[in-house]
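What you see below is based on every heavy atom in this structure, not just the backbone, and it leaves out hydrogens, waters and symmetry mates. We're numbering straight along the sequence, starting at 1.
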Amino acid sequence: MDDPSARRLIARPWAMLTTARARLPDAARQILRLSLLLVTFVAFTTLVERLTHLPTAAYEQTSPSIELVKRVGWLATFVLISATAVLAHLGRLLAPWDALQLGRELRLFVVLLGVGIAWPLVTAGHNFYFDQGYLADKVLLVALVPLTWWRPVFVFPLTVVAYLLLWQLGEPSLGGSIFAHKLQVLRP
C-alpha cells in the first residue's frame with residue numbers, strides 16, 4: 001500500500017467518521033456506543049448459537065470442537081478466526097485488561113462468570129447417551145478461563161466451547177432441567 005492516493009482513499013472516510021463522532025453530544029455518543037454494543041451482542045449470540053448447534057452425529061465423536069471445524073470448513077474457520085483477530089485488534093481486545101480502562105471489577109466479573117459457565121460443563125460426567133467424555137473440549141475450556149484473565153479476547157472462544165459442550169445436553173432431550181439450568185448462565 002505504497003500508493004498515497006490509496007492511503008488518502010482509506011484515511012479520508014475514517015477521518016470524516018471520527019470528526020462526525022466527535023461532534024456528537026455526549027448523550028448521543030453514549031447511545032450510539034450502547035446501540036453498537038447491543039447489535040454486536042445479538043449478532044455474536046446468534047452466530048454462536050447457530051454455529052455450535054451441531055447435528056446428533058457430531059456428539060458421537062470424541063470432540064465437538066473438531067466436528068465444528070469440520071462442519072464449518074478449515075478455510076472458513078481460518079477466515080473467521082482471522083476476522084475475529086482483526087476486529088479484536090481494532091477494538092483493543094488483544095490488549096491487556098488494564099489498557100481497556102474498564103476497571104478491575106469488570107475483569108473479575110467476566111472471569112468469575114467464565115468459571116461459573118465452565119465449572120458445571122467441565123465437571124459433568126461421562127455422556128452415556130453418546131458414550132463420550134469430551135475430555136479434549138473440557139481441557140480446552142479449563143485452559144480458556146485463565147487466558148480470559150490474561151486477555152479479554154479469550155471470552156469469545158470460551159463462549160464457543162461452552163456452547164459446544166452445552167448442546168450435548170439439549171440434543172437427546174434428556175429431561176430439559178439440566179439444559180435449562182446451564183443455559184441460564186449464558187442467557188441474559
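- Listed by chain and number, the hydrophobic cluster partners of Ile81 come to none, as no ILVMFWY side chain reaches under 4.5 Å of it.
- For residues 62-73, the pairs satisfying salt bridge (Lys or Arg N to Asp or Glu O under 4.0 Å) are Glu67-Lys70, with sequence neighbours left out.
- Counting Ile, Leu, Val, Met, Phe, Trp and Tyr side chains that sit under 4.5 Å apart, directly or through other members, Val39 stands alone, with no cluster partners.
- Residue pairs that meet the salt bridge (Lys or Arg N to Asp or Glu O under 4.0 Å) test with at least one member in residues 80-89, sequence neighbours left out, do not exist here.
- Residue pairs meeting the salt bridge (Lys or Arg N to Asp or Glu O under 4.0 Å) criterion with at least one member in residues 51-61: none, sequence neighbours excluded.
- Between the side chain of Tyr59 and the backbone N or O of Leu165, no donor-acceptor pair lies under 3.5 Å.
- Applying the salt bridge (Lys or Arg N to Asp or Glu O under 4.0 Å) rule to pairs touching residues 152-164 yields nothing, sequence neighbours excluded.
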Check: residues 137-148 side-chain donor-acceptor pairs under 3.5 Å, at least two apart:
| residue | atom | partner | partner atom | Å |
| --- | --- | --- | --- | --- |
| Asp137 | OD1 | Ser63 | OG | 3.3 |
| Asp137 | OD1 | Ser65 | N | 3.3 |
| Asp137 | OD1 | Ser65 | OG | 2.3 |
| Asp137 | OD2 | Ser63 | OG | 3.1 |
| Lys138 | NZ | Ala124 | O | 2.6 |
| Lys138 | NZ | Gly133 | O | 3.3 |
| Thr148 | OG1 | Leu144 | O | 2.8 |

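- In this structure, the side chain to side chain contact (heavy atoms under 4.5 Å, CB included) partners of Phe44, at least two apart in sequence or on a different chain, are Val48, Phe156, Thr159.
- Within the model, atoms NE2 of His53 and OH of Tyr163 stand 12.0 Å from one another, a figure rounded to the nearest 0.5 Å.
- Partners of Ser35 according to the side chain to side chain contact (heavy atoms under 4.5 Å, CB included) rule, which considers only residues two or more places apart in sequence or in another chain, are Ile31.
- The distance from atom CG of Leu166 to atom CG of Leu164, rounded to the nearest 0.5 Å, is 9.5 Å.
- Legend: ring pair (Phe, Tyr, Trp, His ring centres under 6.0 Å) pairs involving residues 133-153, not counting sequence neighbours: none detected.
- Residue Trp74 shares its hydrophobic cluster (ILVMFWY side chains chained together at separations under 4.5 Å) with Val69.
- Atoms NE2 and CG, from His126 and Leu135 in turn, are 11.5 Å apart once rounded to the nearest 0.5 Å.
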Just list the side-chain donor-acceptor pairs under 3.5 Å for residues 111-123, sequence neighbours left out, or say none.
| residue | atom | partner | partner atom | Å |
| --- | --- | --- | --- | --- |
| Thr123 | OG1 | Trp119 | O | 2.7 |

Starting from the C-alpha separation in whole Å, work towards a yes-or-no answer on side chain to side chain contact (heavy atoms under 4.5 Å, CB included) for Leu51 and Val160. CA-CA 9 Å; Leu51 278 177; Val160 170; over 6 Å; no
